Amino acid sequence: MINALEQYDPQIFELIRQESARQSGSIRLIPSENYVSKAVMLASGSCLTNKYAEGYPGKRYYEGQQVTDLIERLAQERATKLFKADHANVQPYSGSVANLAAYSALIKPGDTIMGMSLSHGGHLTHGWKVSLTSKFFNSVPYPVNTDTGLLDFNMIEDLAKQHKPKIIVSGATAYPREIDFEIFEQIAKKVGAYLVSDIAHIAGLVVAGLHKSPVPYADVVSTTTHKTLRGPRGGMLLCKEEHTSKVDKAVFPGLQGGPHMHTMTAIAVAMAEANTPEFVAYATQVVKNAKILAAKLMEYGFTLVTGGTDNHLILIDLRSKDIPGKKMAKALDRARIVTNYNTIPGDSAPPMNPNGVRIGTPAITTRGMKEPEMEQIADFINTVAENIDNESIIEKVGKDVLLLCSQFPVPEHFIKQ
Ligand code: DSN
């Protein structure tokens with residue numbers, strides 16, 4: 001297939017080659033990114049991209065569903081088994097659509113939702129002010145405790161009692177500790193709210209048994225499929241039996257038309273891969289790597305939000321180093337270490353230039369990096385921070401990064417480098 005692309009569209013072929021080289025020749029620490037297997041990549045690039053399948057298995061609006069029905073049922077079965085859920089909807093195009101579908105399945109426009117504030121580690125679609133989720137719904141964001149960086153359940157319960165939300169959203173994109181979904185359920189019950197849990201970041205850790213699952217507690221669980229879960233870019237909803245029909249209708253025809261069958265096919269492959277001892281070993285190493293990286297960074301004097309990590313991500317508070325987050329992320333990028341600048345809880349700086357940098361270990365662990373490499377990576381990050389205005393040292397770190405990368409090949413290279 002890739003040879004055909006080289007022949008028919010050399011310009012795009014060349015850009016893909018460059019991106020492939022970039023992904024291979026850098027230490028990718030963005031905690032929401034990963035490398036998929038060849039099987040997932042093949043399914044994602046398969047002929048299923050050619051097929052419309054509006055509706056659900058057995059109830060479609062187009063003919064020719066002999067195979068698509070089988071694929072969707074298989075994807076649903078694999079997802080429900082993996083997450084031990086009553087029902088799975090594998091059609092959401094992304095996590096954002098999945099979240100909106102979860103809300104619209106359970107409540108009406110104008111009702112109140114309570115999710116973690118974006119600037120404290122939540123997601124745009126948890127009701128942040130610039131998101132449609134705060135325009136369709138009345139949003140009351142909850143913060144974390146800015147002294148500890150931790151969820152403060154007393155504060156969340158007080159806010160919930162005061163505002164009586166119809167939905168409480170538990171889940172985060174920049175929270176380095178385990179989330180207690182059981183306490184969230186207790187609070188939701190006390191105020192008569194539904195609980196929606198967004199596990200986009202931690203789904204791979206949940207299925208590996210390394211993070212408590214929200215499935216027994218939440219009315220609806222939302223996830224992406226491409227972060228720690230290591231599937232293609234997509235979304236998914238899991239729910240209790242009683243919500244099945246509402247959730248399905250919210251996704252189609254409520255928000256979407258035809259599902260992306262090629263993505264759904266690749267999700268089915270990823271679910272099978274995640275249901276193996278090899279995946280559990282992978283996820284275990286993701287957490288081990290994050291803990292080692294965090295410990296080493298603290299030895300170098302970095303301040304970490306919450307003082308470390310329990311999961312796959314680390315949020316560095318750069319105020320003690322007196323380096324703005326964007327400057328640090330850009331310097332690291334020049335040294336071939338790819339991160340993203342991020343707000344820290346209670347950040348006084350704007351989101352476009354916050355005081356934090358967010359890093360994580362899912363992608364580098366897929367490449368096979370372990371404890372010794374985490375020590376090296378911490379050393380690289382520290383060297384860049386100590387020499388933030390010294391381009392020749394940053395360039396030298398970039399060369400060392402390239403050497404390290406060459407020892408840990410990306411799982412599949414479609415394109416010669
Ligand atoms: N943008 C994703 C992340 O990086 O966490 C969340 O959607």
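Ligands are counted one by one from 1 in listed order, and the atoms in each one are counted from 1 as well. Just so it is clear, the structure is predicted and the values come from calculations on it, not from any experiment.
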**Q** For atom 1 (N) of ligand 1, is the nearest protein heavy atom under 4.0 Å away?
**A**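 For atom 1 (N) of ligand 1 the answer is no, since every protein heavy atom stays at 4.0 Å or beyond.
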**Q** I'd like to know if the side chain of K246 pairs up with that of H243 as donor and acceptor (distance under 3.5 Å, no hydrogens or angles considered).
**A**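 Yes, a side-chain donor-acceptor pair sits under 3.5 Å.
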**Q** Taking 4.0 angstrom as the limit and counting only heavy atoms of H201, give me the atoms of ligand 1 inside it, by number and element.
**A**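 Selected atoms, number and element: 3 (C), 5 (O).
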**Q** Is it true that E182 and K212 make a salt bridge, defined as a side-chain N closer than 4.0 Å to a carboxylate O?
**A**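 So E182 pairs with K212 through a salt bridge.
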**Q** Can you pull out the closest protein heavy atom to atom 7 (O) of ligand 1? Residue, atom name and distance to 0.1 Å, please.
**A**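 Checked against all protein heavy atoms, atom 7 (O) of ligand 1 sits closest to H123 NE2, 2.9 Å.
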**Q** Does H123 reach the side chain of S131, with side-chain heavy atoms less than 4.5 Å apart?
**A**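 They are not in contact (no side-chain heavy atoms under 4.5 Å apart), so the answer is no.
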**Q** Counting from 1, what ligand 1 atoms have a heavy atom of S32 closer than 4.0 Å?
**A**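 Counting from 1, the qualifying ligand atoms are 3 (C), 4 (O), 5 (O).
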**Q** I'd like to know if D333 pairs up with R22 as an ion pair, taking the criterion as any Lys NZ or Arg NE/NH1/NH2 lying under 4.0 Å from an Asp or Glu carboxylate oxygen.
**A**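 No salt bridge links D333 with R22.
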**Q** Does K135 use its side chain to pair, donor to acceptor, with the backbone of K129 at less than 3.5 Å?
**A**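 Confirmed, K135 side chain pairs with K129 backbone.
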**Q** Counting both backbone and side chain atoms, is some N or O of R358 under 3.5 Å from an N or O of ligand 1?
**A**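 Right, the criterion is met.
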